[in-house]
Enquirer: 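One structure coming up, written as structure tokens, with questions to follow.
Just so it is clear: chains get the letters A, B, ... in the order the sequence lines come, proteins before strands, and each one is counted from 1. Note: hydrogens, waters and symmetry copies are ignored here, and every other heavy atom, side chains too, is used. The shown structure was predicted, so the numbers you read here are calculated from the model rather than taken from an experiment.
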Amino acid sequence: MEIPKTYDPKQAEERHYARWESAGCFAPEINKDPHAPVYSIVIPPPNVTGSLHMGHALQHTIMDVLTRYQRMLGKRTLWLPGTDHAGISTQIQVEKQLRKEEGLTRHDLGREKFLERVWAWKQQYGGEITKQMRREGASVDWSRERFTMDEGLTRAVREFFVRCYDEGLIYHGEGMISWCPKDQTALSDLEVEKEAQAGKLYYLQYPVKGADRRVTVATTRPETMLGDTAVAVNPTDERYADLLGATLELPLTGREIPVVADEFVDPEFGTGAVKVTPAHDANDYAMGQRHGLAQLKVIDQHAHMTADAGAEFEGLDRYEAREKVVEKFEELGLLEKVVDYEFSITKCGRCRTVIEPLISLQWFLKQAELGRAALEAVREKHEPRFVPETPYEKVYTSWLENLHDWTLSRQLWWGHRIPAWYDEAGNVYVARSEDDARRVAGTDKLTQDADVLDTWFSSALWPISTLGWPDADAPDLKTFYPTSVLVTGRDIIFLWVSRMMMTGLKFAGRKAFDDVYITGTIFDKHGQRMSKSKGNGVDPLDVFDKYGVDATRLVLASIGGTDTRWNDNQVESYRNFANKIWNAARFCLLNSEGATVGKGFEGEPSSWALHDRWIMSRLNRTAREVGRAIEEYQFHEAVYALYHFFWDDFCDWYIELSKTDVTAQEASPARDAARSRVINVLEQALRLLHPFMPFITEELWQTLPGIGGESLHAAYAGAEPTIMLAAYPQALEALIDERAETEMQAVIELISRVRNIRTELNVKPGEEVQLFVSTGGNGNVFAASVSQIKRLTRAASVSFKDSLAEVPRASARQALAGGVEVAVPLEGLIDFEQERARVGREREKLEKESQRLEAQLSNPQFTERAPAEKVEELRQRVAEIRQRTDALAQMLEALAE
RNA sequence: GCCCGCUUAGCUCAGUGGUAGAGCGCACGCUUCACACGCGUGAAGUCGUAGGUUCAAAUCCUACAGCGGGCACCA
């Protein structure tokens with residue numbers, strides 16, 4: 001049999017995914033057990049324009065580990081993939097292409113033609129991330145892939161809209177919104193970003209009418225003064241008490257504005273007097289409503305000044321207008337001062353243009369009403385359960401406690417068009433279809449609202465709409481809802497988690513997911529957030545190419561919920577681990593003649609050899625630990641347990657201990673059995689590893705002798721043999737054998753101590769030694785392992801003695817746990833002085849520890865107050881240390897001149 | 001301004017009220033018939049600082065410092 005010495009991940013990766021997919025392994029229908037419990041995840045839909053980044057790779061790995069694990073447990077498992085239509089990004093992308101290739105704008109094409117182009121673009125480029133997910137090994141059910149602009153999901157969006165409108169939760173009206181002058185659309189709170197900025201604070205003076213007095217206001221945006229309709233002061237501010245109700249002459253405008261009292265004003269800040277521009281600032285808007293102030297729009301949708309700003313300013317850009325206003329104030333002697341000032345500025349999350357707050361006619365959703373149910377669910381029942389609970393449950397609840405109306409409409413073409421129609425008189429009809437609207441309106445002359453809905457409006461429905469809602473009888477909805485867990489990053493808690501919960505509770509009557517697992521953030525190696533603009537992102541596909549998908553997945557699974565600085569070293573070490581697995585399998589396969597998976601551990605465990613009892617104990621303990629860890633979302637613990645079981649227990653010890661039997665020249669039933677045992681352990685280990693490392697485990701599993709359809713979990717009987725449908729190993733408690741582990745530990749310690757002696761005393765690697773072992777009177781646990789001890793320590797002989805009193809003086813000695821002592825005669829290699837120093841140092845160290853422990857034991861406070869078992873534990877430890885120091889003392893004597 | 005998280009070996013990170021852990025890196029020795037992406041052996045930390053609770057604190061509490069994050073305000 002020819003097996004390369006080094007594992008080539010790419011070769012294995014290419015082979016298996018297509019086969020799994022075409023065999024239908026990812027679809028829940030592969031499960032033929034009608035009573036199988038259900039496990040379901042909907043992917044948080046990535047942006048259709050996007051490509052895979054580390055955050056996706058991390059989330060997808062977690063979701064795939066969970067899905068594969070649950071599938072191997074025999075559950076009917078669904079992981080549903082899809083993308084969202086990303087209104088603004090997609091539209092911008094297509095517009096850019098249009099401009100570049102044909103020099104056209106979307107308006108040149110018209111709405112209908114433009115949308116055809118978007119769909120064409122989506123067909124051509126939109127599949128990027130789904131292709132990349134195949135590379136990751138994601139076991140998603142592609143037959144259920146959804147896109148937010150699909151017909152079914154569009155129907156869901158309309159249903160959502162109409163129902164909320166009918167209930168008065170959605171309304172059409174004027175409100176203060178965030179407007180992006182570049183993208184030419186309204187944005188919600190969650191689509192804008194605050195950014196610190198070094199700017200200036202301008203102190204402007206407004207003359208008081210009929211008095212030789214001026215009121216100074218401070219502002220970062222002087223140009224908005226053209227739209228001021230009042231100045232506000234705190235009602236308790238004595239400095240301005242006499243001005244309440246006074247009139248100010250607003251410079252540059254010829255208008256007169258009142259001084260009003262409002263508690264919002266902080267007397268400590270600035271001058272204590274605030275200019276009020278209700279049409280261009282959210283706080284001023286609110287103040288304007290409280291005082292019935294006029295809303296004067298002086299800035300338009302392009303961030304240019306309007307006619308109402310005055311002839312001098314009309315048409316100027318907002319920043320040009322700012323300069324000019326300041327100039328004029330200076331000329332008039334009304335500019336008191338200008339100071340440097342750092343403040344935060346609001347920018348469009350997508351294009352970074354400074355947002356212009358505007359009053360505008362839009363559609364809004366009263367989220368607070370929907371949020372109430374979500375808030376109750378989390379407060380009363382911890383639904384959903386956040387992992388980790390701190391700090392995310394609190395982040396979630398505090399957001400739900402402060403919900404503002406959600407600006408739903410977007411002035412775009414790409415998206416779900418708002419299902420509202422207007423008749424010639426301007427009356428609005430909200431309906432599920434134009435026909436419905438016509439019926440209600442009693443006329444055919446209707447015009448549909450030109451705007452589309454926020455992309456997140458459709459994402460909010462994702463867990464129910466992808467499963468068939470609003471069709472209440474949709475089989476998938478009945479079967480897979482509520483979903484088991486939502487896995488996502490923390491920046492998405494408001495955007496998705498909260499809104500999906502709200503819609504799930506409202507329309508399906510139940511929480512959208514049991515758990516919400518929040519992944520960590522991956523930074524670059526300097527701790528900087530990865531970003532396109534900084535160019536410091538690590539492309540997961542490059543990492544896959546360099547180290548393999550399985551190795552990358554192990555790193556990502558270990559990262560789980562922790563913030564981490566990315567470091568290729570970790571991937572490299574798991575690449576090495578994959579290679580280790582490959583080579584362990586290589587050893588098994590090169591010695592597989594006569595072996596069969598599932599055999600070799602016949603009969604009573606008590607009749608098995610020590611190392612066999614031991615490895616089965618370790619294996620089952622590992623299975624228990626890994627299962628527990630995955631269930632508790634402690635993926636790093638699962639990876640740690642698997643890594644150390646495979647490398648340390650299986651490779652370093654079990655294979656080495658089995659080698660003589662496995663590699664025997666002559667075929668024999670004993671050799672067959674030993675070969676079957678290593679393959680048996682390997683096979684179970686591969687299954688345990690599979691959710692984390694799907695490709696290499698499948699690649700190797702397929703080659704094992706005796707693997708076939710009968711290796712599958714009962715729920716998948718009849719399917720093509722694949723490890724992904726095999727049963728996940730469940731811990732057999734009866735095989736977890738404390739005694740075997742303790743005894744094996746003694747053997748391992750003995751071998752390690754002898755190796756240590758060999759190294760410390762520079763015994764040549766090939767040179768054989770003799771061992772003298774005193775077993776300390778607790779029975780000889782080594783006797784059955786003599787041949788293995790000889791092999792692994794390169795010993796020609798092992799002699800058991802009651803005491804080491806009579807071994808040659810020129811021996812290196814070690815005192816082990818349990819009163820075991822070992823001596824290695826090394827005539828000519830022993831420097832007595834050095835050896836005495838070495839043993840002396842060891843004795844000193846133990847002496848120190850036992851002194852410390854004895855002091856603790858002699859403290860009555862401790863013995864009285866500490867739990868009895870702790871005291872006993874300590875006593876035993878002291879006894880153990882005593883035994884070893886005594887042994888070391890004797891060794892020193894033996895080494896004495 | 002309010003809230004939260006983190007601070008453990010050179011690096012990246014686990015961990016726990018009762019003997020400090022891993023991977024990488026480092027040192028030494030190895031063509032040991034699966035693997036140098038390897039084997040064997042080893043060195044390395046007063047667990048951010050200062051207090052407190054406790055028989056016992058790296059682990060719990062308080063304060064502080066540094067780093068990071070969220071929310072609000074920002075005239």
Side-chain angles (χ1 to χ4, degrees), chain A residues 3 5-7 194 196 201-204 217-221 224 231-232 264-266 269-277 281 283-284 287 341-345 388 390-392 394-395 398-399 402 490-491 493-494 521 523 525 527 529 547 551 555 558-559 562-570 572-591 634 636-637 639-640 643-644 651-652 655-656 659 663 751-752 755-760 762-766 791-792 794 849 852-853 856 859-867 869-871 873-874 877 881:
Chain A
I3 305 167
K5 282 190 173 189
T6 306
Y7 170 56
K194 303 270 174 78
L201 193 57
Y202 301 84
Y203 287 75
L204 309 179
V217 295
T219 180
T220 55
R221 301 196 60 193
T224 62
V231 164
F264 169 77
V265 180
D266 174 5
F269 191 90
T271 61
V274 184
K275 61 189 277 306
V276 184
T277 324
D281 179 278
N283 290 313
D284 292 7
M287 248 193 291
Y341 182 62
E342 182 168 314
F343 62 106
S344 80
I345 197 158
T390 22
Y392 300 118
K394 201 171 167 190
V395 168
S398 57
W399 191 74
N402 290 295
R490 63 168 146 263
D491 48 334
I493 293 175
F494 309 141
T521 306
F523 302 96
K525 65 179 164 196
R529 192 173 283 276
Y547 300 104
V555 174
S558 318
I559 287 173
T562 316
D563 289 356
T564 305
R565 298 180 183 209
W566 185 265
N567 190 340
D568 270 8
N569 286 342
Q570 301 163 59
E572 193 177 327
S573 92
Y574 285 126
R575 188 270 317 263
N576 296 349
F577 179 53
N579 196 240
K580 188 72 182 177
I581 295 170
W582 180 260
N583 276 288
R586 186 165 178 266
F587 170 80
C588 295
L589 292 168
L590 291 172
N591 296 287
Q634 301 298 315
H636 62 284
E637 292 179 1
V639 170
Y640 183 94
Y643 183 95
H644 290 285
C651 294
D652 286 353
I655 287 182
E656 294 305 329
K659 228 165 209 175
T663 60
I751 293 168
S752 300
R755 284 171 168 174
N756 173 246
I757 287 171
R758 294 185 62 112
T759 303
E760 295 265 311
N762 295 315
V763 178
K764 288 202 177 61
R791 179 188 163 87
L792 297 179
R794 291 240 164 186
E849 198 189 341
R852 211 191 68 216
L853 298 178
Q856 202 179 342
N859 178 359
Q861 300 271 46
F862 171 70
T863 45
E864 281 162 27
R865 300 199 196 187
E869 59 191 62
K870 290 287 172 200
V871 179
E873 213 178 281
L874 210 63
R877 249 175 61 211
I881 292 169

Enquirer: Output the pairing pattern of RNA chain B as a dot-bracket string, 5' first, Watson-Crick or G-U wobble with both distances under 3.5 Å, | for cross-strand pairs, [ ] for crossing pairs.
Expert: (((((((..((((....[..)))).(((((.......))))).....(((((..]....))))))))))))....

Enquirer: Mind checking the C1' distance from B:G17 to B:C61? Whole angstroms is fine.
Expert: 13 Å

Enquirer: Can you tell me how far C1' in B:C28 sits from the matching atom in B:C67, rounded to whole Å?
Expert: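 Going atom to atom, C1' in each nucleotide, I get 38 Å.
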
Enquirer: Between A:Phe494 and A:Tyr202, which residue's closest nucleotide on RNA chain B lies nearer the 5′ terminus?
Expert: A:Phe494

Enquirer: Determine whether A:Tyr643 and A:Phe577 satisfy the following criterion, ring-ring contact (aromatic ring centres under 6.0 Å, His included), listing intermediate values before the conclusion.
Expert: CA-CA 8 Å; A:Tyr643 183 95; A:Phe577 179 53; 4.7 Å; yes

Enquirer: Using a 4.0 Å heavy-atom cut-off, does A:Val265 contact any base of the nucleic acid, only the sugar-phosphate backbone, or nothing at all?
Expert: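 The answer is base, as A:Val265 lies within the cut-off (heavy atoms under 4.0 Å) of a base atom.
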
Enquirer: Is there a donor N/O on one and an acceptor N/O on the other, under 3.5 Å, for the side chain of A:Lys580 and the base of B:C35?
Expert: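 Result: at least one qualifying N/O pair found.
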
Enquirer: Report, as a single string ordered 5' to 3', how protein heavy atoms within less than 4.0 Å touch nucleotides 19-32 of chain B: B base, S sugar-phosphate only, - not at all.
Expert: B-SSSS-------S

Enquirer: Could you give the distance from OG1 (A:Thr663) to CZ (A:Phe587), rounded to the nearest 0.5 Å?
Expert: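 So the gap between those two atoms works out to 6.0 Å.
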
Enquirer: What interatomic distance, in whole Å, is found between C1' of B:G38 and the corresponding atom of B:C33?
Expert: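 Their C1' atoms lie roughly 14 Å apart.
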
Enquirer: Compare the minimum distances between each of B:G40, B:C3, B:G69 and the side chain of A:Arg490, then state the nucleotide with the smallest one.
Expert: B:G69

Enquirer: Hey, what do you get for CG (A:Leu201) to CZ (A:Phe343), rounding to the nearest 0.5 Å?
Expert: 9.0 Å

Enquirer: Indicate, with a heavy-atom threshold strictly under 4.0 Å, whether A:Asp652 touches base, sugar-phosphate, or nothing.
Expert: sugar-phosphate

Enquirer: What's the gap between B:G70 and B:G51 when it is taken at their P atoms, as a whole Å value?
Expert: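 Pairwise P distance, B:G70 against B:G51, rounds to 35 Å.
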
Enquirer: Out of B:G18, B:C74, B:C39, which has the shortest distance to the side chain of A:Tyr341?
Expert: B:C74

Enquirer: Here's a test of your reading of the structure: between A:Glu760 and A:Leu201, which maps to the more 5' nucleotide of RNA chain B?
Expert: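 Upstream on the strand: A:Glu760.
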
Enquirer: Do the side chain of A:Arg586 and the base of B:C35 come within less than 3.5 angstrom through a donor-acceptor pair of N or O atoms?
Expert: no

Enquirer: Rounded to the nearest 0.5 Å, what separates atom CZ in A:Arg794 from atom CD1 in A:Ile751?
Expert: 14.0 Å

Enquirer: Using a 3.5 Å distance criterion without hydrogens, assess whether the side chain of A:Thr271 forms a donor-acceptor pair with backbone atoms of A:Ala273.
Expert: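 Yes.
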
Enquirer: Any chance you could lay out the ring-ring contact (aromatic ring centres under 6.0 Å, His included) test for A:Tyr640 and A:His644, step after step, and finish with the verdict?
Expert: CA-CA 6 Å; A:Tyr640 183 94; A:His644 290 285; 4.3 Å; yes

Enquirer: For B:A43 and B:A34, measure between their P atoms and round to the nearest Å.
Expert: 30 Å

Enquirer: Polar pairs (N or O, both sides) under 3.5 Å between protein and nucleotides 13-17 of chain B?
Expert:
unit_1: B:C13; atom_1: OP1; unit_2: A:Arg565; atom_2: N; d: 2.6
unit_1: B:A14; atom_1: OP1; unit_2: A:Thr562; atom_2: OG1; d: 2.8
unit_1: B:A14; atom_1: O3'; unit_2: A:His636; atom_2: NE2; d: 3.4

Enquirer: A:Lys5 has a side chain; which of B:A36, B:C74, B:G69 sits nearest to it?
Expert: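 Of the options given, the side chain of A:Lys5 lies nearest B:A36.
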
Enquirer: Looking across every strand, which nucleic acid part, if any, lies under 4.0 Å from A:Cys651 by heavy atom: base, sugar-phosphate, or nothing?
Expert: base

Enquirer: Quick check for you: among B:A34, B:C73, B:G18, whose closest atom lies nearest to any side-chain atom of A:Asn283?
Expert: B:C73

Enquirer: Could you state the interatomic distance from CH2 (A:Trp399) to CD1 (A:Ile493), rounded to the nearest 0.5 Å?
Expert: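 The CD1 atom of A:Ile493 is 11.0 Å from CH2 of A:Trp399, to the nearest 0.5 Å.
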
Enquirer: At 4.0 Å (heavy atoms only), tell me whether A:Thr277 reaches a base, stays on the sugar-phosphate, or touches nothing.
Expert: nothing

Enquirer: Between the base of B:A34 and the side chain of A:Lys659, is one N or O donor paired with an acceptor at under 3.5 angstrom?
Expert: yes

Enquirer: Is there a side-chain contact (heavy atoms from CB on, under 4.5 Å) between A:Val395 and A:Arg490 once you walk through the steps?
Expert: CA-CA 9 Å; A:Val395 168; A:Arg490 63 168 146 263; over 6 Å; no

Enquirer: Starting from the C-alpha separation in whole Å, work towards a yes-or-no answer on side-chain hydrogen bond (donor to acceptor under 3.5 Å, both in side chains) for A:Arg529 and A:Thr521.
Expert: CA-CA 8 Å; A:Arg529 192 173 283 276; A:Thr521 306; 4.6 Å; no

